[in-house]
Trainee: 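Structure in structure tokens, see below.
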Amino acid sequence: VPLFILPFSEDCSPFDYFLFLVSGDITQKGYEKKRAKLLAPYVPQTQGVDPALQKESRTQTPAPAAAPASASSSSSSKFHRARSGGARDERYRSDIHTEAVQAALAKHKEQKMALPMPTKRRSTFVQSPADACTPPDTSSASEDEGSLRRQAALSAALHQSLQNAESWINRSIQGSSTSSSASSTLSHGEGKGTSGSLADVFANTRIENFSVPPDVTATTSSSSARPAAIDLPPSGIVKGMHKGSNRSSLMDTADGVPVSSRVSTKIQQLLNTLKRPKRPPLKEFFVDDFEEIVEGNIPQPDPNQPKPEGRQMTPVKGEPLGVVCNWPPALEAALQRWGTTQAKCPCLTALDVTGKPVYTLTYGKLWSRSLKLAYTLLNKLGTKNEPVLKPGDRVALVYPNNDPVMFMVAFYGCLLAEVIPVPIEVPLTRKDAGGQQIGFLLGSCGIALALTTEVCLKGLPKTQNGEIVQFKGWPRLKWVVTDSKYLSKSPKDWQPNISAAGTEPAYIEYKTSKEGSVMGVTVSRIAMLSHCQALSQACNYSEGETIVNVLDFKKDAGLWHGILTNVMNKLHTISVPYSVMKTCPLSWVQRVHTHKAKVALVKCRDLHWAMMAHRDQRDVSLSSLRMLIVTDGANPWSVSSCDAFLSLFQSHGLKPEAICPCATSPEAMTIAIRRPGVPGAPLPGRAILSMNGLSFGVIRVNTEDKNSALTVQDVGHVMPGGMMCIVKPDGPPQLCKTDEIGEICVSSRAGGMMYYGLAGLTKNTFEVIPVNSAGSPVGDVPFVRSGLLGFVGPGSLVFVVGKMDGLLTVSGRRHNADDIVATGLAVESIKTVYRGRADGMTVTFSLHLVLYNVGICLVAIDSIHQVGVYCLALVPANTLPKTPLGGIHISQTKQHFLEGSLHPCNILMCPHTCVTNLPKPRQKQPGVGPASVMVGNLVAGKRIAQASGRDLGQLEDNDLVKKHQFLTEVLQWRAQATPDHPLFLLLNAKGTTVCTATCLQLHKKAERIASVLCDKGHLNAGDNVVLLYPPGIELITAFYGCLYAGCIPVTVRPPHAQSLTATLPTVRMIVEVSKAACILTTQTLMRLLKSREAAAAVDVKTWPTIIDTDDLPRKRLSQIYKPPTSEMLAYLDFSVSTTGMLTGVKMSHAAVSGLCRAIKLQCELYSSRQIAICLDPYCGLGFVLWCLCSVYSGHQSILIPPMELESNLFLWLSTVSQYKIRDTFCSYSVMELCTKGLGNQVEMLKSRGINLSCVRTCVVVAEERPRVSLTHSFSKLFKDIGLSSRAVSTTFGSRVNVAICLQGTSGPDPTTVYVDLKSLRHDRVRLVERGAPQSLLLSESGKILPGVKVVIVNPETKGPLGDSHLGEIWVNSPHTASGYYTIYDNETLQADHFNTRLSFGDAAQTLWARTGYLGFVRRTELTAASGERHDALYVVGALDETLELRGLRYHPIDIETSVSRTHRSILCGCEQEALDLVPLVTNVVLEEHYLIVGVVVVVDPGVIPINSRGEKQRMHLRDSFLADQLDPIYVAYNM
């Protein structure tokens, strides 16, 4: 299983650095087979078998962890299994390093480490009957696990450290009872056999020492106010036990987490893990200033860190470039010389797929073919007057890696034609990894022509017309085939122009940066010639020598030695392509033996592969080699590959002095190379450096334990004719001291001249003038930055310790990416995971065991490098983007990861150990005291934050209110005055009217219901009656029937027939809590309540009297009840708040009349008006608009049940258009349904004649922060059918007062502001400009209703706040609810929430109600209806839902908004993409909110509970998760 590691750097995004380790190549069939075996352990356990017995049987007969596969007969597959195919793996083979890792792990033997394993839903796996065994138990040291470790070839030291379970697993998760929690997958259907849920445990457990946010809807001393809700402690930890509870019901842990809940156990494991002491964090920062909140990270340097002590270095010169009499004036001249005088001499031999020589190109053929190509390019592609190519034009060379002959002809043909070749890889698909960046290079070079072979051209992807596809990001190219038969022979009088080499460009070599951008390094003709001369002198090449080249001949050392220096010295190159190496890794050794080659060009990878395969070829001799050039010998870990290869092949004649590591870079070309040694001379020494010193950029010989040592070999001396210096890696190019690590810079004629077309980057890289410590330039010779980090050692030997591209800066220290990768691979178990194949057998792993071993890898990296690993992801083999030669395309993989399209099969995030510079916890400032207010000395803000609606006493109104005190009187009056005036109109899904109600009809039907209540129900005045009706007019008549009979109506949403078990208990609970004496409902629902299905959910025998109102007797009521006082109860409003609390509030007749009057005045509702309502009619403002307002104001209400929209999305908008409605009310759910469902059907709406230009106000009824993005989207979407952008607004209400704000018809439009999110976390309001970083857009929640006053209050001190503070919204109004309706009235809670006073200030005598919502008031520039400046109220969020972390206040909606932006699949993705979300979610919350996510749970769409207004029930969701009642797709526990 491939694995990649993402170390976290403090000064960049956590995902800026990637280190990818991959397994070898594998066929599709092999991959499917491997995958099936990998998933086999996840088949569910046998039902009915005791887990303990299963474990016991496993212990007695340990199942082998390695399943042997039949060894393949072909030698090629043997090689295939025996090695890794990645191009990066050759660097990390280090026995020295393995010892260091083992020692470091042994040192950690005593440490306790808990690894809560991620859990994945079983449904995501293919259930295979083969190998159906339980995954190895990772929570206790079983025999199973021991055997797996032994088979993975763990060393004795590591084995000893892991044998004891306590060395890795924390005590809190010991015991067989928890084995399922760490190793089994989370499955919803498994919970039946376990003991009760968390709720059951909490029922008999005493909960101590936890603080809950202030609960504005229920008492903290008694749960009677909300029997539906169980308050869980925020951490999910139960302290202590009830005396009577059974000891065995709780697991034997210090914190007493119930075993029955695997989720809770894992969270406990996570908490125990986090209790371990961390490394000392950086100096914390966070300045809480009253005027400005400033954040800045100033890491303090370690006073004990080593500092450089040497003198300033002086540039080191190489030996002078010798003047040889027969060196040609240009490389083309050398080709002409050999091609005409030594035509029969071999130049280049190509191999076939089996590794046998297939064709040899002679110098004569090379010269003649190159000449033909040059002539064709210049004279035969266009017309004489308009040639396609002119000297100096750029041409792309597109040749496969197995055809060096055609490439060499094309390259020299371009040189002879004086056009500039740009060798690139063959594109395989339209969207190759990195292909777009190559296209950018081609475009920036102005390339319009590509040379290729006929075979290659046929293999390119084509369109249906047979044309070559347009590759992504590429310019349009003309393809020219360079096979001999298509070339024109040049006339005898035509000769190419071969001048002496100058500074004109010869060729462009592409280079990929760390970020993935591709740049073209331009090499001049003089540089190309000088480089060949320097290589010839350094390598001591002589004419006629044979060299074996395993490298890519299109770039870097493969091009320099095998194509260019080759011709300069009349060498014979044997080119071994990558495809041959994959099937026969020993082919290059065989070529050396067969051709008695003097020089071989290889990488560490090739040495490693040859060692793996050498057993099949005993009779090879390497005695002819005088130079084995290791071109990536600059990698710090190459020393072990070179040593291992020498020890194995010394017996085959390999001379120790023949191994010659070199250092190269595209910009500086060859920087240094070890010269071939004299037989018998002592080999160069090694540098054993302190890893700690290196991290501070200082060279220190390692004197500590060998675990933290880095052994590096030299790469020889500076190239002939070159000069080298070392400059500081960042800042100005200041010369380093002699004991300091820096970037190697080279000055030489043999180097690149520029990045083509990038002048700015060129100046910073190719024209560097070093400066001394005073900042003054040292000489005037420009140097070229090589991108390599190193130093010059004794004897002017050059040592390289890393690359600039792989540099990670963590906490002020620098680490080399390759070092960290090598440490990870040196862990023996990771080697096995990484290879996936060992000793001819396929090893199968449980993913849990893999992650367990990966955890050991984390310890090793932490111990040796003192750096944490931020993210580990396991991806299926061969799924990472590859480079053409099989390596991992790092920047493309990073791109996939950041886009969430990498699709890992498991992931482990460790942010807690990596992120050490979080903001300092905030110290809360004391509130504003009375003295400050009295002397006008407000600390912040210009005025006290308070606002009010219009004064009711000054408003004109008719006599209706004065005459009628109760709503029942208003209905009777209307039935007499306007009996036929229609009040209600109910529509079905087709938009047709199914029911209407005039004033008289409503009055008559209400009377009949009242008489039934008195006769059948035998109810008395004041009894509570539950109304169980679908949305419609029956609900309204039943409500007024109850009022006529003197009963108290309680409207309840009816249960859903398809999900009775989920919905019926809520109905039952409200019936019990409200102490209802009777249920009024329809016949259909009555049968449902008494059905067998209902009996399975609740006890149907205990229902109160159920009366159906379908067939009412025509009996008149003797007398309509009139309450003695308007303070009497009118109805009960039961609702689930956004915090998931079920609460009932009492609404008096006076409050009902006051509320209806305020709405009538605000919306200017009269009997001639029509309004459309698409809301749930069971609670809050939705109920008031549906049932009460029409009767009070006399307007006609067109009722649209929201569920009808599911079958007809057009219903609401077409109704508004058809009836020319001016005022319409809806919920967020309805608006979201229309936005998503009709977003791409606006043209269809137009064709249906739907026009919304009549709409004056479209009001969203809500009890939350306005969803600005949704309302803006809705307005923007439907503006084409006439909807005014000013029409859409929101309301604000709460449990204590259902309608505080409502936009209405008069007054200014809703205002929006941008506030600073960081300030908001400090309960401060700071307005910022649009587009400011960390800004949040907030919208006003409508205008404050007439008669309503609000004030912003500190919820803790209860003192009024200034208008630049965030505080709790308190309200005073005639229509505030009377109090909570509970079984046992709690007077203190009623007083605190409904009749509370400010602790000081002018309004201290007023009685206020607490809404439980945080917000602020801002005075705007707009003018209110009263003529004064308008005060806008902004709602930020529910106080109960806020998270108080490190003294800062976070609102869940802000975190959710950040998360929803991270990936397109959130809310609409498939299960396979679940794992992509974990790092993205963790990262965005860290970057935008400075919070570390502990647990990420991915669930199916629709699992999150919402209430009737479309608001999330976050508390319910949390409780369901803790009680293990969800069926999550994936649960990730961030370490």
Side-chain angles (χ1 to χ4, degrees), residues 964 966-986 993-1052 1054 1071 1076-1089 1103-1123 1128-1132 1149 1152 1177-1178 1183 1186-1192 1194 1196-1197 1199:
H964 306 294
F966 304 105
L967 214 50
T968 49
E969 293 178 340
V970 177
L971 180 55
Q972 293 169 63
W973 173 75
R974 289 199 182 281
Q976 290 170 359
T978 53
D980 299 323
H981 176 64
L983 286 179
F984 298 102
L985 191 74
L986 179 69
T993 305
V994 287
C995 185
T996 59
T998 63
C999 299
L1000 186 60
Q1001 286 169 339
L1002 185 60
H1003 168 67
K1004 293 266 188 195
K1005 203 162 186 183
E1007 279 190 318
R1008 286 156 65 190
I1009 289 175
S1011 71
V1012 167
L1013 284 172
C1014 296
D1015 299 347
K1016 265 195 188 179
H1018 310 296
L1019 300 185
N1020 303 316
D1023 283 348
N1024 295 344
V1025 176
V1026 164
L1027 310 183
L1028 210 58
Y1029 290 93
I1033 293 176
E1034 290 173 309
L1035 175 70
I1036 302 169
T1037 54
F1039 176 82
Y1040 286 101
C1042 290
L1043 293 189
Y1044 277 14
C1047 300
I1048 313 297
V1050 184
T1051 52
V1052 180
V1071 169
C1078 170
I1079 299 175
L1080 285 183
T1081 186
T1082 62
Q1083 279 182 2
T1084 312
L1085 284 169
M1086 186 164 86
R1087 282 197 295 272
L1088 188 65
L1089 291 180
W1103 288 120
T1105 308
I1106 302 177
I1107 301 173
D1108 83 81
T1109 56
D1110 287 358
D1111 300 315
L1112 293 169
R1114 295 189 175 278
K1115 185 180 177 187
R1116 278 200 66 182
L1117 188 65
S1118 54
Q1119 185 188 355
I1120 293 175
Y1121 175 81
K1122 183 179 178 181
M1128 292 284 287
L1129 203 51
Y1131 70 94
L1132 293 179
H1149 287 279
V1152 168
Y1178 300 107
F1183 167 75
W1186 190 280
C1187 293
L1188 310 183
C1189 284
S1190 277
V1191 172
Y1192 187 91
Q1196 184 183 10
S1197 293
L1199 309 176

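The chain is numbered in sequence order, starting from 1.
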Trainee: With the side chain counted from C-beta on, respond yes when D1111 and Q1083 share a heavy-atom pair under 4.5 Å apart, and no when they do not.
Mentor: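 In short, these two side chains touch, coming nearer than 4.5 Å.
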Trainee: Short question: side chain of T1051, backbone of Y1178 - any donor-acceptor pair under 3.5 Å?
Mentor: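 Checking the backbone N and O of Y1178 against the side chain of T1051, a donor-acceptor pair under 3.5 Å is found.
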Trainee: Nearest 0.5 Å, what's the CD1-OG distance between I1036 and S1197?
Mentor: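 Output value for this atom pair is 7.5 Å.
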Trainee: Please find the pair of heavy atoms, one from A997 and one from I1033, that lie closest to each other, and give the distance.
Mentor: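 In this case the closest contact between A997 and I1033 is CB-CG2, 3.8 Å.
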Trainee: Does a side-chain heavy-atom distance below 4.5 Å link D1110 with E1034?
Mentor: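 With C-beta onward as the side chain, the pair touches.
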Trainee: Atom OG1 of T968 and atom CH2 of W973: how far apart are they, to the nearest 0.5 Å?
Mentor: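 These two atoms lie 14.0 Å from each other.
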Trainee: Where do F966 and P1123 come nearest, in terms of heavy atoms and distance?
Mentor: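 Scanning both residues, the minimum pair turns out to be CZ-O, 3.6 Å.
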Trainee: Out of curiosity, R1008 CZ to L1117 CG, how far, rounded to the nearest 0.5 Å?
Mentor: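 Those atoms lie 12.5 Å apart.
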Trainee: Could you state the interatomic distance from OG1 (T998) to CG (L985), rounded to the nearest 0.5 Å?
Mentor: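 It comes to 12.0 Å.
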Trainee: Do the side chains of V1012 and T1109 get nearer than 4.5 Å, heavy atoms only?
Mentor: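 Contact flag for T1109/V1012 side chains = no.
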Trainee: Report the C-alpha distance between H1003 and Y1040 in whole Å, list the side-chain angles of each, state the deciding distance to 0.1 Å, and finish with yes or no for side-chain hydrogen bond (donor to acceptor under 3.5 Å, both in side chains).
Mentor: CA-CA 8 Å; H1003 168 67; Y1040 286 101; over 6 Å; no
Trainee: Are H1149 and L1043 close enough that some pair of their side-chain heavy atoms sits under 4.5 Å apart?
Mentor: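 They are in contact (side-chain heavy atoms under 4.5 Å apart), so the answer is yes.
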Trainee: For I1107 and C1078, what are the C-alpha separation, side-chain angles and deciding distance, and is it a side chain to side chain contact (heavy atoms under 4.5 Å, CB included)?
Mentor: CA-CA 7 Å; I1107 301 173; C1078 170; 3.5 Å; yes
Trainee: Report the relative orientation of the aromatic rings in F1039 and Y1131; use parallel for angles under 30°, tilted for 30 to 60°, perpendicular for over 60°.
Mentor: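 Because their plane-to-plane angle is over 60°, the rings of F1039 and Y1131 count as perpendicular.
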Trainee: With rounding to the nearest 0.5 angstrom, report the OG to CG distance, S1011 to L1112.
Mentor: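 Answer rounded to 0.5 Å: 7.5 Å.
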Trainee: Counting N and O atoms only, with roles assigned by atom type, does the side chain of T1081 sit under 3.5 Å from a partner on the main chain of L1028, one being a donor and the other an acceptor?
Mentor: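 Confirmed, T1081 side chain pairs with L1028 backbone.
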Trainee: Please check if the side chain of H981 supplies one atom and the backbone of G1194 the other of a donor-acceptor pair under 3.5 Å.
Mentor: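 Indeed, once roles are kept as given, a pair shorter than 3.5 Å links the two residues.
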Trainee: Is there a side-chain contact between L1002 and V1191, using heavy atoms and a 4.5 Å cut-off?
Mentor: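 They are in side-chain contact.
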Trainee: Any chance you could lay out the side chain to side chain contact (heavy atoms under 4.5 Å, CB included) test for Y1029 and L1080, step after step, and finish with the verdict?
Mentor: CA-CA 8 Å; Y1029 290 93; L1080 285 183; 3.6 Å; yes
Trainee: So do L1019 and C1047 actually touch side chain to side chain, heavy atoms under 4.5 Å?
Mentor: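 Yes, at least one pair of side-chain atoms sits under 4.5 Å.
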Trainee: Side chain of W1103, backbone of L1089: donor and acceptor closer than 3.5 Å?
Mentor: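 Yes, because the side chain of W1103 sits within donor-acceptor range (under 3.5 Å) of the backbone of L1089.
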Trainee: Where is the tightest heavy-atom contact between L1013 and G1041, given as atom of each residue plus distance?
Mentor: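 Minimum heavy-atom separation between L1013 and G1041: CD1-O, 4.2 Å.
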Trainee: Quick one: closest heavy-atom pair of P1177 and F1183, and the distance?
Mentor: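 In terms of heavy atoms, the two residues are closest at O-CD1, 3.3 Å.
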Trainee: Is it true that a side-chain atom of R1087 and a backbone atom of T1082 form a donor plus acceptor pair closer than 3.5 Å?
Mentor: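 Absent.
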Trainee: Show the nearest heavy-atom pair for residues A1021 and Y1121, with the distance to one decimal.
Mentor: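 Looking at all heavy atoms of both residues, the closest pair is CB-CE1, 3.7 Å.
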Trainee: Where do C1042 and I1009 land on the side chain to side chain contact (heavy atoms under 4.5 Å, CB included) test, with the steps shown first?
Mentor: CA-CA 7 Å; C1042 290; I1009 289 175; 5.6 Å; no
Trainee: Which pair of non-hydrogen atoms, one from V1152 and one from A1130, has the smallest distance, and what is that distance?
Mentor: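 Heavy-atom minimum between the residues: CG2-CB, 3.9 Å.
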Trainee: Below 4.5 Å, heavy atoms only, C-beta onward: do P1104 and V1071 meet side chain to side chain?
Mentor: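 When only atoms from C-beta onward are counted, V1071 and P1104 do touch, with a gap below 4.5 Å.
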Trainee: Distance from L983 atom CG to T978 atom OG1, nearest 0.5 Å?
Mentor: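 Spacing of CG (L983) from OG1 (T978) equals 7.0 Å.
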Trainee: Mind running side chain to side chain contact (heavy atoms under 4.5 Å, CB included) on Q972 and H964 for me, showing each step along the way?
Mentor: CA-CA 10 Å; Q972 293 169 63; H964 306 294; over 6 Å; no
